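Sequential numbering from 1 along the given sequence is applied to the chain's residues. Fair warning: this is a prediction, and the values are worked out from it, not measured in the lab.
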Amino acid sequence: MKEAIRLRMNKADENLAATQSLFDDGFYGVVVNRAYYAMYCAAQALLLTHEIHVKTHKGLFLKFSELFIKTDILPTEMAEILAVTEDMRVEADYDFESTVSEEEAVTGLQYARTFIEKTKAYLRSQNLYDN
């Protein structure tokens, strides 16, 4: 399980690094996309602590909330920032008349950093992640 968690967190870190590069280049719509997927990978790592793997975004939200938010293991803020970033991603990806602002991109980037930091802290506290 530790190896699978590490691989997902590596993917989260990779997406977060790409998010920063995309932000620096002014690709704000893609920033929120990669920010969300960085968080998605981290949330998948969390679900593995319960030996759960989901294949849909809805399934991820439901299980993440059930196992980590409703049980007060992680702060409610994490579910909120995941949802907000996913909403921004959907709009950026599918609304061709919408433009993601620099401010929204900054928000997505900050949310992803926060989510990943809190995820790593939790996984370390459970001796499941040591990077």
Side-chain angles (χ1 to χ4, degrees):
M1 176 176 19
K2 282 180 84 169
E3 178 62 12
I5 288 170
R6 185 188 65 77
L7 291 172
R8 282 154 183 78
M9 292 309 298
N10 285 350
K11 186 69 77 172
D13 286 338
E14 180 181 294
N15 276 290
L16 185 59
T19 301
Q20 182 63 58
S21 294
L22 291 161
F23 179 82
D24 293 343
D25 290 338
F27 296 109
Y28 302 138
V30 187
V31 166
V32 296
N33 176 288
R34 290 296 92 196
Y36 169 72
Y37 279 105
M39 298 163 73
Y40 183 87
C41 292
Q44 288 278 13
L46 287 168
L47 294 181
L48 280 179
T49 66
H50 291 273
E51 299 181 8
I52 293 173
H53 178 75
V54 296
K55 295 184 179 188
T56 66
H57 299 282
K58 183 178 181 178
L60 180 109
F61 279 91
L62 290 172
K63 283 300 187 182
F64 174 73
S65 180
E66 174 189 328
L67 298 171
F68 293 96
I69 304 303
K70 291 179 181 176
T71 57
D72 293 324
I73 292 173
L74 295 172
T76 303
E77 167 199 26
M78 288 185 68
E80 293 167 356
I81 65 176
L82 181 63
V84 166
T85 307
E86 208 265 345
D87 288 344
M88 288 192 299
R89 179 200 68 87
V90 168
E91 187 173 331
D93 287 353
Y94 301 111
D95 184 347
F96 296 105
E97 296 178 13
S98 176
T99 303
V100 175
S101 69
E102 180 177 0
E103 182 179 319
E104 290 169 314
V106 166
T107 298
L109 182 55
Q110 290 173 339
Y111 284 175
R113 285 184 182 138
T114 297
F115 193 95
I116 290 169
E117 287 170 10
K118 290 183 185 293
T119 298
K120 286 179 178 179
Y122 172 76
L123 292 171
R124 286 181 186 121
S125 77
Q126 302 301 304
N127 295 316
L128 295 171
Y129 184 74
D130 49 18
N131 286 6

Looking at every heavy atom in both A45 and I5, which two are closest together, and how far apart are they? O-CG1, 3.7 Å

Which heavy atom in F115 sits nearest to a heavy atom in L82, and how many Å separate them? CE1-CB, 4.1 Å

Separation between OG1 (T49) and NZ (K2), nearest 0.5 Å, reads 13.5 Å

Contact summary for V54 and I52, nearest pair of heavy atoms: CG1-CG2, 4.0 Å

I need the R8 CZ to H53 NE2 distance, nearest 0.5 Å. 6.5 Å

For K58, the side-chain contact (heavy atoms from CB on, under 4.5 Å) test, sequence neighbours excluded, returns T56, L62

Evaluate whether atom CZ of F61 has more than 12 neighbouring non-hydrogen atoms of other residues, nucleotides or ligands under 6.0 angstrom away. yes

Side chains of M88 and V100: closer than 4.5 Å at any heavy-atom pair? no

Validation: residues 64-78 side-chain donor-acceptor distances under 3.5 Å, sequence neighbours left out:
| unit_1 | atom_1 | unit_2 | atom_2 | d |
| --- | --- | --- | --- | --- |
| E66 | OE1 | K63 | NZ | 3.4 |
| T71 | OG1 | L67 | O | 2.7 |

Closest approach of M1 and L48, non-hydrogen atoms and distance? SD-O, 3.0 Å

Cut-off 3.5 Å, side chains only: do N10 and E14 have a donor facing an acceptor? no

Please list, one pair per line, the donor and acceptor atoms closer than 3.5 Å that link side chains of residues 123-131 to other protein atoms, with sequence neighbours excluded.
| unit_1 | atom_1 | unit_2 | atom_2 | d |
| --- | --- | --- | --- | --- |
| R124 | NE | N131 | O | 2.8 |
| R124 | NH2 | N131 | O | 2.0 |
| S125 | OG | Y122 | O | 2.6 |

Between A12 and A42 the two heavy atoms that sit nearest each other are CB-N, 4.0 Å

Measuring from K118:NZ to T114:OG1, what's the distance to the nearest 0.5 Å? 7.0 Å

What pairs of donor and acceptor atoms, side-chain ones from residues 33-40 against any protein atom, are under 3.5 angstrom apart with sequence neighbours left out?
| unit_1 | atom_1 | unit_2 | atom_2 | d |
| --- | --- | --- | --- | --- |
| N33 | ND2 | D93 | OD1 | 3.1 |
| N33 | ND2 | D93 | OD2 | 2.8 |
| R34 | NH1 | N15 | OD1 | 2.7 |
| Y36 | OH | H57 | ND1 | 2.6 |
| Y40 | OH | Q44 | NE2 | 3.1 |

Once side-chain contact (heavy atoms from CB on, under 4.5 Å) is applied, do any residues pair with T99, and if so which ones, sequence neighbours excluded? none

Taking NZ, NE, NH1 and NH2 as the nitrogens, is one of them in R6 or E3 under 4.0 Å from a carboxylate oxygen of the other? yes

State, yes or no, whether a side-chain contact exists between K120 and I116 at a heavy-atom distance under 4.5 Å. yes

Show every donor-acceptor pair shorter than 3.5 Å between a side-chain atom in residues 102-109 and any protein atom, with sequence neighbours excluded, or say none if there are none.
| unit_1 | atom_1 | unit_2 | atom_2 | d |
| --- | --- | --- | --- | --- |
| E104 | OE1 | S101 | N | 2.8 |
| E104 | OE1 | S101 | OG | 3.3 |
| T107 | OG1 | E103 | O | 3.1 |

